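Everything numeric in this text was worked out from a predicted model, so none of it was measured.
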Number of protein chains: 2
Amino acid sequence: MDVKFSIDRTSPVPLYFQLSQQLEAAIEHGELLPGTLLVNEIDLAGRLGLSRPTVRQAIQALVDKGLLVRRRGVGTQVVHSQVRRPLELSSLYDDLAAAGQRPATRVLDITAVPAPAEVAGALGVAEGTEVHRIERLRLTHGAPLAYLRNYLPAGRRPPARADLEATGLYRLMRAAGTTLHSARQSIGARAATPGEAELLDESPGAPLLSMHRTAFDDSGRPVEYGTHLYRASRYTFELQLLIRS
Amino acid sequence: MDVKFSIDRTSPVPLYFQLSQQLEAAIEHGELLPGTLLVNEIDLAGRLGLSRPTVRQAIQALVDKGLLVRRRGVGTQVVHSQVRRPLELSSLYDDLAAAGQRPATRVLDITAVPAPAEVAGALGVAEGTEVHRIERLRLTHGAPLAYLRNYLPAGRRPPARADLEATGLYRLMRAAGTTLHSARQSIGARAATPGEAELLDESPGAPLLSMHRTAFDDSGRPVEYGTHLYRASRYTFELQLLIRS
DNA sequence: GTCAATATATTGTCCTGACAAACTATTGAC
DNA sequence: GTCAATAGTTTGTCAGGACAATATATTGAC
């Protein structure tokens, strides 16, 4: 029995995207089992009334996502699952919400400060330039999980306290018209200082995960710099990556 | 003055790839400055004697790499640098070598052991099944940096000690015919046990970065599982990621 | 001058067609 | 039986053309 796909030519959704989504759904729902060899492109195109390039574009999208593998002379195969979503700019808030953890945010401070050297370097402004600083504590199940400190260039108005308590920062920035394009992160570890320990309900010297991130917009300008501290006892970073041969 | 590209039709290298590489080189060398608007696709195609789909394919590759941004009705723009290479399966050995750190590897042990539950789960075999265990210490400048423990399914022969001291594990696996496709990593932190502290030349309780990784081949089968410990005082993970809107 | 309507430029999507390259399976020679 | 040559299948690359969607610049009305 073959899985049936249906293409709606009256829809404004691009044809390749329709097919791509239906293929992805079929894989996700287990209708296309791992290891399955897909129908070849030409047949698939004929069957759906599409051209081969359109079918290829749909398949290519899933290859890029890591769900399919193509081999010349062989065919296109469903990857053996376990590979879920590829790496994206993980919004801590969204990640937790997706995991059903119902995150809470306590905004500690929103204020304008002269940029320290580290922040100035990351944001590409002169040292001492005014920037917005946002300090938050993220909690799950009533216990602190992370201490988040973000710096934004002074140009725009900083997000409102109420908004920050209701959702994640990246969502707010996107809503405010900032198009995020890429980010650099560095993840390290260090021992908690007494102040950090108290804030996070840990003992001084306890191991903490530290993450520094600079986010860039379409034109490559830095739009955010954050230095975050996570309780190692309660949090790990999960990544998934594709290997480009 | 326009940057000149040259396409060699007698070469076996695909045309789109030739163009893609020359574009990338021009960006890398600063001949195409960040923010520059590229010549539009149709002109570029005509100028190079290529078809528009071929030019698009070349550009698309760099968009996927995060070097270019396209906007309908506007054009294709060079991203404002700072974004270097996207995330890949970072081989610690290669990373260090690229940074000019001249890594050294001390192979502590290569042996077959019954798989503990954690390893068995990751590799998808029954608990107690024999697997190869490789224990290594990685050093730079004569000082220990990380303690690496890898598990491989027992099917293949384990790599030779001499090879492991000369290069990285992934390179060896690739050379042995394993095609790596994707990997899942989790990065956390914890305090060093006395044994770990001694091995890594740290004090007991010092913060260590821990990384667990499962690597998969084309068909989605796990081919390697590793649990690694890094000295937080000497190492951080650097990631770079693109945001899919 | 300000604003809306129009024109223009550029990428996005889609089609048809063709040949090349790589892998698999079969066939045939020995 | 073993190996090499051959044929068939499937994806990879490339061409050329057409129209749509979107952003920007220009024009015109008020």
Would you mind reading off the distance between [X] atom [atom1] and [N] atom [atom2], rounded to a whole angstrom?
X	N	atom1	atom2	value
A/L38	D/dT10	CG	C1'	12 Å
B/R71	D/dA25	CZ	P	13 Å
B/L68	C/dT10	CG	P	16 Å
B/Q18	D/dC14	CD	P	8 Å
B/Q57	C/dT11	CD	C1'	16 Å
A/N40	D/dG12	CG	P	12 Å
B/L44	C/dT10	CG	C1'	13 Å
B/Q60	D/dT13	CD	P	14 Å

From the list D/dT11, D/dC14, C/dT10, which nucleotide is the closest neighbour of the side chain of A/R72?
D/dT11
Which of D/dT11, C/dT11, C/dC15 is nearest the side chain of B/E41? It is C/dT11
Here's a test of your reading of the structure: between B/P53 and B/D43, which maps to the more 5' nucleotide of DNA chain C?
B/D43
Return the 5'-most residue of the pair A/L50, B/G73 with respect to DNA chain C, ranking by each residue's nearest nucleotide.
B/G73
Is any side-chain nitrogen or oxygen of [X] closer than 4.0 Å to OP1 or OP2 of [N]?
X	N	answer
B/T54	D/dA15	yes
B/Y16	D/dT13	yes
B/R70	C/dG12	yes
B/T76	C/dT10	no
A/R56	D/dG12	yes
B/R9	D/dA15	yes

Which nucleotide, in any strand shown, forms a Watson-Crick or G-U wobble pair with D/dT27, with both distances under 3.5 Å?
C/dA4
Find the distance between CD1 (B/I187) and OG1 (A/T236) and round it off to the nearest 0.5 Å.
9.0 Å
Could you verify whether a donor N or O on one side chain and an acceptor N or O on the other, from [X] and [Y], lie under 3.5 Å apart?
X	Y	result
B/Q18	B/S20	no
B/R138	B/T105	yes
A/E118	A/Y225	yes
A/E224	A/N150	yes

Have a look at [X] and say if it touches a base, only the backbone sugar-phosphate, or nothing, with a 4.0 Å heavy-atom cut-off.
X	value
B/I42	base
A/S51	base
B/P14	sugar-phosphate
A/G49	sugar-phosphate

Per the atom types in the model, does the base of C/dG12 pair as donor or acceptor with the side chain of B/R52 at under 3.5 Å?
yes
Salt bridge check, B/E238 against A/R184: does any charged N sit closer than 4.0 Å to a carboxylate O?
no
